[in-house]
> 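Handing you a structure now.
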Amino acid sequence: MPPFGSGLLVLTAPLGALPRRAAAALAAAAGVVAGPLYVHLQPGLCLAAPAPRPAAPPACPALLRALAALYAAAAAQRGLDLRVLLGPGPRLARPPRVLLASAAEAPGPPGPVQLGLQHLAAAAYGCPPCLPALLLGGPEDSEGGPETGPEEDPEDPDAALPDFSDVAVGGTFDRLHGAHRLLLSACCLLSQQRLLAGVADGDLLRHKVLAELIEPYELRVAKLREFLEDVKPSLRYDIVPLVDPYGPSVTDPDLQCLVVSEETRRGGEAVNKRRLENGLPELALYEILLMKDPDHSQNEEEKISSSSLRQRLLGTLLRPARQDPALPSRPYVIGLTGGTGSGKTSIAKLLGHLGAFLIDADKLGHAVYVPGGPAYEQVVAAFGAEILNENGTINRKVLGAKVFGNQEQLKNLTDIVWPEMARMVKEQIREADAQGKAVCVLDAAVLLEAGWQDMVHEVWTAIIPEEEAVKRIMARDGLSEEAARSRLQSQMTNSQRVEQSQVVLCTLWEPDVTRKQVEKAWDLLQQRLSQKRSP
């Protein structure tokens with residue numbers, strides 16, 4: 001773990017040189033700062049001067065290219081919270097604990113440079129005057145070797161970005177990543193007074209990939225506001241929920257510009273069409289290029305995107321495992337659940353191949369109903385002889401028809417059956433221990449409804465989009481679309497399950513993708529178990 005929780009990196013290289021220096025500078029800083037890492041750009045500043053005076057970098061195309069390079073380089077440093085500052089402010093949200101500069105940009109004795117860093121940070125951001133100041137690397141550490149080559153071709157010195165009093169932007173802004181930060185930084189550069197940011201919510205999220213893993217609206221807004229107020233505190237920020245594709249962009253007469261990406265430009269054109277219909281002038285559309293993701297996998301988008309980040313969460317520990325002294329230390333019990341059509345059974349089989357002891361709750365459910373089974377007499381007494389076949393076995397279709405849609409009758413049944421199944425599950429867990437199994441997986445669709453999470457260390461949930469689940473149920477069970485949807489709607493939602501889960505898996509993609517997810521989840525589980533065993 002890097003020694004400092006936050007830091008301020010001052011870069012004084014010409015803007016044209018930053019695209020080729022960004023990766024080396026951020027890699028060095030990431031080794032020192034856990035995050036956030038603030039970056040102050042001041043081309044040509046002499047840090048060894050007696051009292052370097054802070055100033056905002058010029059709002060020009062070269063600055064946008066430098067920002068794109070910095071945020072792209074930050075993406076390669078997984079987890080680096082980079083915030084490139086576009087104007088000094090009285091105080092940063094997470095005050096820096098260390099000041100950094102590149103030794104390649106600050107030749108000469110380190111003492112005056114370190115003192116200059118302290119003076120600049122105090123003047124620009126109100127930092128304590130005695131923060132530790134470090135110089136990173138040296139000329140030989142710059143990307144491409146010593147600084148002997150020419151800089152990029154000089155740009156037109158009069159080139160500047162357009163400016164507008166009021167600018168708008170919209171998005172989901174889930175897990176604020178480098179592409180978001182570039183987009184928002186462009187908005188800050190273009191805006192002179194106000195930035196109106198619409199944050200998607202409600203029905204706009206329904207068809208997003210892994211919508212269940214999107215951060216809550218309030219959290220997304222809090223992160224967005226903190227970033228913006230750090231980056232350019234002089235602006236006014238209006239952050240509003242978007243529940244339709246347009247929001248206030250089609251009714252606000254003060255707006256002058258809408259910032260879009262390559263893929264949202266058509267949406268911007270639709271906004272302008274609506275504005276004209278509403279008697280308002282069109283907005284200038286300022287387009288930002290998408291940022292490529294060099295680490296995207298086979299089922300992820302080529303651009304840096306929130307959906308790819310959510311996919312990378314699959315199989316990881318989203319919240320701490322339960323710490324219940326009543327649970328046995330061995331075997332470690334995973335409760336695997338998911339709605340019908342979610343692919344839960346295929347995941348259970350993969351876990352079995354990896355070495356887990358499997359408990360199939362559905363098989364136990366059948367066992368409790370058989371004549372002589374632990375729930376047989378009670379179920380017949382509660383629901384009558386009409387649920388019996390001629391051979392005395394319980395007709396589960398007839399029984400199911402009696403309880404479907406009748407909450408009182410369903411509760412009567414589950415109050416009889418679930419405790420007996422739980423007792424059988426505990427017997428199976430003891431059997432797993434007797435066989436020397438380190439991990440036991442309880443495959444149970446009703447795990448959460450039955451309250452069986454008290455019997456497991458972690459809940460793992462399989463999810464699938466509703467539309468895909470409907471198709472699978474129709475194909476597997478021969479049901480109509482209406483019947484398939486009715487079955488899904490009688491169950492817990494994906495979101496309800498995810499809220500109570502430590503690990504989430506999704507079988508939306510090819511079987512090989514599911515297999516890799518499960519192997520990743522299993523490997524991470526083995527690491528957690530190894531850490532628990534370590535003294």
Side-chain angles (χ1 to χ4, degrees), residues 321-322 324 326-328 331-342 344-345 347-348 351 356-389 392-433 440-463 486-502:
R322 295 181 65 242
D324 185 348
L327 286 170
Y332 196 81
V333 185
I334 301 298
L336 176 63
T337 191
T340 183
S342 65
K344 173 179 62 65
T345 301
I347 290 171
L351 289 168
F357 182 96
L358 297 184
I359 302 173
D360 188 336
D362 192 48
K363 287 183 178 177
L364 299 182
H366 283 283
V368 300
Y369 286 107
V370 300
Y376 178 83
E377 297 292 345
Q378 293 181 72
V379 170
V380 173
F383 293 94
E386 63 267 27
I387 67 169
L388 295 177
N389 294 312
T393 57
I394 292 174
N395 186 320
R396 294 186 66 178
K397 284 189 176 180
V398 174
L399 178 60
K402 275 181 168 283
V403 302
F404 187 78
N406 186 324
Q407 291 300 314
E408 183 179 352
Q409 287 284 68
L410 180 60
K411 186 175 187 305
N412 288 340
L413 178 62
T414 57
D415 283 350
I416 296 169
V417 173
W418 284 350
E420 295 297 339
M421 291 177 65
R423 182 183 57 78
M424 297 171 77
V425 166
K426 290 174 182 176
E427 289 178 357
Q428 290 281 293
I429 292 173
R430 287 192 288 271
E431 175 61 23
D433 185 32
C440 179
V441 172
L442 169 58
D443 175 4
V446 297
L447 181 87
L448 299 174
E449 294 90 333
W452 294 346
Q453 60 266 48
D454 291 343
M455 295 193 291
V456 306
H457 296 86
E458 297 178 17
V459 175
W460 292 16
T461 289
I463 62 173
S486 178
R487 182 179 292 184
L488 279 176
Q489 289 162 6
S490 69
Q491 302 176 356
M492 262 189 174
T493 65
N494 283 340
S495 294
Q496 289 171 326
R497 289 191 177 92
V498 167
E499 286 170 3
Q500 302 180 63
S501 301
Q502 274 73 33

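Along the sequence shown, residues are numbered consecutively beginning with 1. Just so you know, these numbers come straight off a predicted model, no measurement behind them.
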> With sequence neighbours excluded, tell me which residues meet ring pair (Phe, Tyr, Trp, His ring centres under 6.0 Å) with Tyr332.
His457
> List, one per line, each side-chain donor-acceptor pair under 3.5 Å for residues 362-371, sequence neighbours excluded.
{"residue": "His366", "atom": "ND1", "partner": "Arg396", "partner atom": "NH1", "Å": "2.7"}
{"residue": "His366", "atom": "NE2", "partner": "Arg396", "partner atom": "NH1", "Å": "3.3"}

> For the pair Arg322 (side chain) and Gln453 (backbone), establish whether a donor and an acceptor sit closer than 3.5 Å, ignoring hydrogens and angles.
yes
> Mind checking side chain to side chain donor-acceptor pair (under 3.5 Å) for Thr337 and listing every partner two or more places apart, or none if nothing turns up?
none
> Show me the donor-acceptor pairs, under 3.5 Å and distance only, between side chains in residues 420-429 and residues at least two apart or in other chains.
{"residue": "Glu420", "atom": "OE1", "partner": "Arg423", "partner atom": "NE", "Å": "3.3"}
{"residue": "Glu420", "atom": "OE1", "partner": "Arg423", "partner atom": "NH2", "Å": "3.3"}
{"residue": "Arg423", "atom": "NH1", "partner": "Glu427", "partner atom": "OE2", "Å": "2.9"}

> Under the side chain to side chain donor-acceptor pair (under 3.5 Å) test, which residues partner Glu431, sequence neighbours left out?
Gln435
> Return the set of residues passing salt bridge (Lys or Arg N to Asp or Glu O under 4.0 Å) with Lys411 (not counting sequence neighbours), or none when no residue passes.
Asp415
> Pairs in or reaching into residues 331-341: which pass salt bridge (Lys or Arg N to Asp or Glu O under 4.0 Å), with residues at least two apart or in two chains?
none
> Please identify each residue that fulfils side chain to side chain donor-acceptor pair (under 3.5 Å) with Asn395, with sequence neighbours left out.
Asn389
> Quick one: salt bridge (Lys or Arg N to Asp or Glu O under 4.0 Å) partners of Glu377, sequence neighbours excluded?
none
> Could I get the full list of salt bridge (Lys or Arg N to Asp or Glu O under 4.0 Å) partners for Asp433, not counting sequence neighbours?
none
> Where the side chain of Gln491 meets the backbone of Thr340, is there a donor-acceptor pair that is under 3.5 Å apart?
yes
> According to side chain to side chain donor-acceptor pair (under 3.5 Å), who are the partners of Glu408, at least two apart in sequence or on a separate chain?
none
> Only counting residues at least two apart or in another chain, list the ones meeting salt bridge (Lys or Arg N to Asp or Glu O under 4.0 Å) with Asp360.
none
